[in-house]
Amino acid sequence: MTPPSPHPALAARRARVRRLRARVAAGAIALFLALFAGLYVQMATGHDPALGAGSAQVATTSTTTTTDDSSQQDATPMTTAAS
Amino acid sequence: MTAAAVATGEHLFWLTSRAAGIVALLASSASVGLGLLMAGRMLRRRGLDLRSLHEALSLAAMAAIVVHAGALVFDGYVNLSVAGVTIPFLGDYRPLWTSLGIACGWALIALGPSYYWRARIGVVRWRALHRWTALVWVLSIAHALGEGTDAGRLWFLASLAIVVVPAAVLLGLRHAPPTATPTQR
């Protein structure tokens with residue numbers, strides 16, 4: 001025995017609510033992805049407010065040593081790192 | 001750019017949490033604004049559509065709150081445990097603002113679904129309970145502005161203002177004392 005089908009008006013109302021929920025969910029996910037992408041680019045380009053200018057330089061940490069004898073005492077490794 | 005991508009990859013969960021937090025704030029603000037419009041009978045559209053939209057925005061906000069807190073557990077930057085993101089004053093990262101956020105998160109998750117039990121708890125009692133969501137929303141804005149990494153950014157403040165200011169005006173109007181109507185002579 002199959003359950004009785006709901007009234008057409010009720011079925012239409014349910015479908016409308018489902019569509020609305022799907023749209024809001026899609027909008028929220030789209031907004032999340034846009035924000036995530038924006039924050040990612042901001043961080044990758046070194047403009048993150050928390051990590052500052054060093055955020056893009058974390059992985060490009062460089063060590064520079066001077067080979068010039070006259071400046072040997074200043075030849076401390078220069079390291080760039082994020083805070 | 002590859003090196004920068006590797007560096008940024010270490011913060012993926014932190015970025016996820018930030019993005020989800022902003023989504024939660026925008027969705028909850030839109031939901032509160034819509035709820036206040038409905039309560040003040042300022043919109044003439046079909047009630048069911050408005051209520052469904054209000055409900056869907058609230059559910060989206062709650063889902064975003066779960067992602068916002070959950071992503072922090074896996075992030076190595078703020079270094080929070082499960083207890084640290086669920087129990088106030090347990091974490092070391094900005095304890096006051098974080099605890100305010102945790103309390104707001106729990107309050108919204110507790111108050112929001114009360115709609116589905118309103119027949120059981122009584123409509124009058126549910127309405128009284130539901131009004132507290134506005135206060136929780138105000139406190140969550142304080143959490144975002146006080147602790148949010150992007151709180152000082154113009155784009156963040158502008159996007160927040162678009163949804164927060166109208167809702168705040170509606171909230172102010174709702175709680176403003178009634179003005180005395182001039183008596184006619």
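To find a chain, count down the sequence lines: A is the first, B the second, and so on, and within it residues start at 1. Quick caveat: nothing in here was measured; it's all calculated off a predicted structure.
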Separation between CG (A/D48) and CG (B/L15), nearest 0.5 Å, reads 7.0 Å

*asked:* Using side-chain heavy atoms (C-beta onward) and a distance below 4.5 Å, is A/Y40 in contact with B/H11?
replied: no

Within residues 105-138 of chain B, the residues sitting under 4.5 Å from chain A by heavy atom, in sequence order, are none

Between the NE2 atom in A/H47 and the CZ atom in B/R153, the distance rounded to the nearest 0.5 Å is 8.0 Å

Output for pair (A/L39 CG, B/T149 OG1), nearest 0.5 Å, gives 9.0 Å

Whatever's closer than 4.5 Å to a heavy atom in chain B on A/A28 counts as both

Heavy-atom closest pair (A/L35 atom, B/W155 atom, distance to 0.1 Å) is CD2-CZ3, 3.8 Å

Under a single-linkage definition using a 4.5 Å side-chain heavy-atom cutoff for Ile, Leu, Val, Met, Phe, Trp and Tyr, are B/V165 and B/L36 assigned to the same hydrophobic cluster?
-> no

**Asked** When hydrophobic residues are tied together by side-chain contacts of less than 4.5 Å, even through go-betweens, does A/F32 share a cluster with B/V163?
**Response** yes

In this structure, CD1 of B/I22 is separated from CG of A/L31 (nearest 0.5 Å) by 8.5 Å

B/F74 atom CZ, over 12 foreign heavy atoms within 6.0 Å
no

Do A/I29 and B/L12 sit in one hydrophobic cluster, given that two such residues count as connected whenever their side-chain heavy atoms are within less than 4.5 Å of each other, even indirectly?
yes

Note: A/L20 and B/L53 closest approach over all heavy atoms is CD2-N, 3.4 Å

Crowded around A/L10 CG? As in, over 12 foreign heavy atoms under 6.0 Å?
yes

Are B/V66 and B/L80 connected in a single hydrophobic cluster, I mean Ile/Leu/Val/Met/Phe/Trp/Tyr linked by side-chain heavy atoms less than 4.5 Å apart? no

Hydrophobic cluster membership, B/L72 vs B/L90, 4.5 Å side-chain cutoff: no

d(B/D150 CG, A/Q42 CD) to nearest 0.5 Å is 6.0 Å

Here the gap from A/R13 atom CZ to B/S52 atom OG, rounded to the nearest 0.5 Å, amounts to 9.0 Å

Expected contact set for residues 54-65 of chain B against chain A at heavy-atom separation under 4.5 Å reads B/E55, B/A56, B/L57, B/A60

